[in-house]
Amino acid sequence: ETGKDRKTCNISITFTLPNSKVPIRIECLPQYVRSSNSATYIGASLVDTDIESYKTLQKYLINSLA
């Protein structure tokens with residue numbers, strides 16, 4: 001878990017959405033890290049994300065929930 005005593009840095013995530021040829025790059029600030037036997041879960045807030053990547057991701061998520 002992140003806290004005041006730890007040095008925190010941003011995580012850069014680059015991925016391509018289905019049916020898209022343009023990769024999206026998202027900057028995130030970790031909020032917590034949890035581990036289990038088979039996976040590590042990272043909760044993060046979006047920060048310093050370029051507006052076009054944000055809009056593309058937002059549109060994909062909205063359409064996938066519809």
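As the structure is a computational prediction, the values presented were derived from the model and not from experiment.
- Tyr41 has its side chain out of reach of Ser35: every pair of non-hydrogen atoms, C-beta onward, lies at least 4.5 Å apart.
- Residue Leu17 holds its CG atom at 7.5 Å from CG of Leu61, rounded to the nearest 0.5 Å.
- Of the inter-residue distances, the one linking Cys28 atom SG with Asn10 atom CG reads 8.0 Å to the nearest 0.5 angstrom.
- Using a 4.5 Å cut-off on side-chain heavy atoms (C-beta onward), Ser12 and Ile26 make no contact.
- Distance OG/Ser45 to CD/Gln31: 3.5 Å, rounded to 0.5 Å.
- Note that CG of Leu57 is 7.0 Å distant from CG of Leu46, once rounded to the nearest 0.5 Å.
- Remark: Cys9 SG to Glu27 CD distance equals 10.0 Å, nearest 0.5 Å.
- Atom NZ of Lys55 sits about 13.0 Å away from atom CD1 of Ile24, to the nearest 0.5 Å.
- The heavy-atom pair separating Thr14 from Arg25 by the smallest distance is OG1-CG, 3.8 Å.
- The backbone N or O of Thr16 sits nowhere less than 3.5 Å from a side-chain atom of Ser20 that would complete a donor-acceptor pair.
- Side-chain contact annotation: Arg34 with Thr40, donor-acceptor N/O pair under 3.5 Å absent.
- Residue-environment remark: CZ (Phe15) exceeds the threshold of 12 foreign heavy atoms within 6.0 Å.
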